[in-house]
Amino acid sequence: MAKKSMVIVESPAKAKTISKFLGKSYSVVSSMGHIIDLPAKKLGIEVENDYKVALGVIPGKKKLLADLKKMAKGMDVIYFATDPDREGEAIGWNLKEWLKLKDQEIFRVEFHEITKGAIDAAFKSPRQFDEDKIKAQQTRRVLDRLVGYFLSPLLWRKVTRGLSAGRVQSVALRLIVDREREIQAFVPKEYWSIEADLKKKEAQSKEDKRAFKASLDRIGSQKIELLTEADTSKVVADLKGRDFTVSGVEKSIKNRNPLPPFITSSLQQDSFNKLRYSPVKTMFIAQQLYEGIELGEEGPVGLITYMRTDSTQVAKSAIAEVREYIKSEFGGGYLPDEPRVYKSKKSAQEAHEAIRPTSVARAPKDVASFLTPEQAKLYELIWKRFVASQMNSAQIELTQVVIKSDKYLFKATGSTIVFNGFTTLYKTEEEETEEEEKKNILPLLKEGDGIEVLQVLPSQHFTKPPGRFSEASLIKALEEDGVGRPSTFAPTISTIVTRDYVRREKGYLMPTDLGTKVSELLVSYFPQVMDITFTAHMEEELDMVEDGKANGISILNEFYAPFKEKLDFASKDIVKEIIYSDEKCELCGKPMVVKWGRKGKFLSCSDYPTCKSSKSISSGVKCPAPDCGGDLILRRSYRGRSFYGCSKYPKCHFTSRDLPDEAAPQAANPSVPPSGAANPSVPPSGAEPVTN
């Protein structure tokens, strides 16, 4: 008699796809994500007892756990097929413990794609739970809980209730705040450049007669450095009427290599840059593609491999398939002699694979009708990146021409694609930039050719501050600094935006006053928690726990001892900060103070709760709606998105994502005391202390 088998996965979509491959002899059920976790309102950790955790059933999931227990009683074998990472290992392990299984055989199965071949292979070779991986996840969970549980109340005391701190999110916030400080402190410096429109003398063919551009590179042996308009004008005047000749022509062939297939961070970056999808949206869609999409009569099929990975490894079978596809569809000239092998970073889990299509035979055009437009765009991005990663390099001929007149040396550069290689399918940002440069097409030039100057064009420039982080560039910075792991990038950004520590402004992340205040407070009192190098070191140690090379308890002790010392000092030193504005309460006449709430900063009467008057803080810009006269106020939607709305709402419904450019004077900052005011933390005469 066949054994009765039960398979537990995290989601209904994953369960449906796997059921198709396993058949009716297996009951595949979903745990709907985590069922067991630390308590929401208690620490749940016995610090003095080697950080023993007190796990419990998540509120609202007791019935689901009871149903799973009931189903498991009639089974002979229980398979835990949760995701192939630390989080998935912990979900399965915790559930196994709470199901209190006694008579059943218990196995863990792991796969990185939901296809028949991968599922069959996983169930033919089940394993036991990986205790090192579970210890690594629990150590991370304890670290995160210690930071969040103890630091958040200090923020409530200093600023306002409802704020949170996190081990990774606070470091990400610091990066954004520090970058904003660099921008604000930046002093632009003037400099000039000179460009010339040139043409070959005695040109015969139409191609030789075309004009081209060259830039002044040197004056004598000195690299050009023009800092003022006066200096530049002297050079421009001296260039008039001069004869120019070609003094050298250099040609070279440059190979442009394809990028490796996606890992989580590079997928999030490319998806943001090319599709403008946020990291959270990217991962949501990628999970749908991984867990299974209905492909008509074929039924649900997992279209991509597991999307949380930092490995660029690719299965040999997938390499063989994509090489055959390239040869068939593009020709042998596009196929390298040997498969390309990409090196993963040191911390990557080599048992995992890169993000790739489960079959390159499912070309984007063939499955597009079964996908939503957003799913189709992301699948196409993943498919093209993977196929391109195994194609031949593009070859580009670079030409550099040196043009001289006495002491003045100009350079002109141009490029021509000799062989498009992988770029026939997928263009990198660098390749797109190369195409822009190619617009300066050079005529056929040789040493000694005479050059006619059509015009000399001086241009004024100013040095620019470092750019603000986009979501893509922040992920890149976090990854380069070793902060966080594939599963943490998207939720980290989502959290700091939802908490109103950071706002999205025209595609970039800007810290709010609240975010800046929180970061300053944490850096002042908890430099270790906010230190990028230390946070990266902790991530490396967690990886070592997973590899069985480090002890989680020792890592927690290393962190907690100095953390507790700082915590004890901060608990005594931090007091509620009161920031007085220069506005008076319209009801009682007492000073208004700045406070933070769920929807951002606002003004409240200093005599609260006796007087409950409050008002929004104006941006300093008038509402542009006809016959309105209200002020634009920064508001937040129920989804946490920032926008500007009229102070006369609901009479006026004007809203805008950005302040109107034509009426954007510098808004008054109520956190800064008016000229001549006393210390903003000291109430004016007659004001009552604020206790709320």
Side-chain angles (χ1 to χ4, degrees), residues 147-148 151-186 465-471 473-474 477-478 481 483 492-506 508-532 535 570 573-581 593-604 616-620 633-636 640-642 644 658-659 666-673 679-681:
V147 171
L151 294 195
S152 297
L154 295 178
L155 296 178
W156 302 352
R157 188 192 307 177
K158 180 74 172 180
V159 187
T160 190
R161 291 190 65 83
L163 303 182
S164 74
R167 194 175 56 86
V168 175
Q169 78 176 54
S170 297
V171 172
L173 175 61
R174 180 181 185 174
L175 287 174
I176 296 169
V177 170
D178 286 352
R179 176 62 59 86
E180 191 66 24
R181 283 206 184 92
E182 288 181 58
I183 294 169
Q184 298 303 325
F186 183 82
R468 291 188 174 95
F469 287 111
S470 66
E471 294 182 48
S473 60
L474 179 61
L478 290 170
D481 289 333
V483 176
T492 292
I493 295 175
S494 178
T495 297
I496 59 179
V497 171
T498 302
R499 292 290 180 187
D500 199 36
Y501 295 164
V502 169
R503 289 183 183 143
R504 298 182 178 100
E505 297 283 348
K506 298 180 180 179
Y508 294 94
L509 300 172
M510 290 183 62
T512 62
D513 289 345
L514 177 60
T516 301
K517 184 172 287 294
V518 166
S519 183
E520 288 173 348
L521 180 71
L522 294 176
V523 169
S524 175
Y525 285 97
F526 300 95
Q528 179 192 48
V529 172
M530 299 295 283
D531 183 72
I532 295 168
T535 304
D573 193 62
I574 289 178
V575 294
K576 182 77 173 181
E577 181 181 19
I578 303 169
I579 303 173
Y580 286 86
S581 75
V593 295
V594 178
K595 292 186 179 179
W596 280 268
R598 289 183 299 107
K599 295 186 177 181
K601 193 162 59 173
F602 67 98
L603 294 178
S604 172
S616 299
I617 295 174
S618 172
S619 65
I633 292 167
L634 187 64
R635 302 183 185 277
R636 296 183 74 209
R641 294 176 179 171
S642 301
Y644 289 94
D658 304 299
L659 283 174
Q666 184 64 41
N669 185 353
S671 66
V672 178
N679 186 324
S681 296

Side chains of [X] and [Y]: does their closest heavy-atom pair fall under 4.5 Å?
X      : Y      : answer
Leu634 : Ile617 : no
Val594 : Leu603 : yes
Arg504 : Leu509 : yes
Tyr501 : Leu163 : yes
Leu175 : Asp481 : yes

Output all residues satisfying side chain to side chain donor-acceptor pair (under 3.5 Å) with Ser470, sequence neighbours left out; order by chain, then residue number.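 So Ser470 forms a side chain to side chain donor-acceptor pair (under 3.5 Å) with Ser473.
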If the condition is side chain to side chain donor-acceptor pair (under 3.5 Å), which residues does Thr516 pass it with, not counting sequence neighbours?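 By the side chain to side chain donor-acceptor pair (under 3.5 Å) rule, Thr516 matches no residue at all.
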Gap separating the [atom1] atom of [X] from the [atom2] atom of [Y], nearest 0.5 angstrom:
X      : Y      : atom1 : atom2 : result
Ile176 : Ile493 : CD1   : CD1   : 7.0 Å
Arg179 : Arg468 : CZ    : CZ    : 10.5 Å
Arg157 : Lys576 : CZ    : NZ    : 11.0 Å
Phe469 : Leu478 : CZ    : CG    : 8.0 Å
Lys595 : Thr160 : NZ    : OG1   : 8.0 Å

On a heavy-atom basis, which atom in [X] and which in [Y] lie closest, and how many Å separate them?
X      : Y      : value
Leu155 : Ser164 : CD1-O, 3.6 Å
Ile183 : Pro465 : CA-CB, 4.2 Å
Pro511 : Val177 : CB-CG2, 3.8 Å
Ala172 : Leu474 : O-CD1, 4.3 Å

Thr512: side chain to side chain contact (heavy atoms under 4.5 Å, CB included) partners, not counting sequence neighbours: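 With sequence neighbours excluded, Thr512 shows a side chain to side chain contact (heavy atoms under 4.5 Å, CB included) to Asp500, Arg503, Leu514, given in chain and number order.
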Sequence neighbours excluded, which residues qualify as side chain to side chain contact (heavy atoms under 4.5 Å, CB included) partners of Pro153?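 For Pro153 the side chain to side chain contact (heavy atoms under 4.5 Å, CB included) partners, ignoring immediate neighbours, are Trp156.
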Listed partners of Arg174 passing salt bridge (Lys or Arg N to Asp or Glu O under 4.0 Å), at least two apart: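 In terms of salt bridge (Lys or Arg N to Asp or Glu O under 4.0 Å), with neighbours along the sequence ignored, Arg174 is linked to Asp178.
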With a 3.5 Å distance limit and no angle check, can you tell me whether Arg499 reaches the backbone of Gly162 through a side-chain donor-acceptor pair?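 Between the backbone of Gly162 and the side chain of Arg499 there is a qualifying donor-acceptor contact (under 3.5 Å).
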Kindly say whether Ala165 contributes a backbone atom to a donor-acceptor pair with the side chain of Ser152 at under 3.5 angstrom?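 Yes, the answer is positive, given that a donor and an acceptor are paired below the 3.5 Å cut-off.
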Distance-only donor-acceptor hits, side chain of residues 517-532, under 3.5 Å, sequence neighbours excluded:
unit_1, atom_1, unit_2, atom_2, d
Lys517, NZ, Glu577, OE1, 3.0
Glu520, OE2, Arg181, NH2, 2.9
Tyr525, OH, Asp573, OD2, 2.4
Asp531, OD2, Thr533, N, 3.3
Asp531, OD2, Phe534, N, 2.7

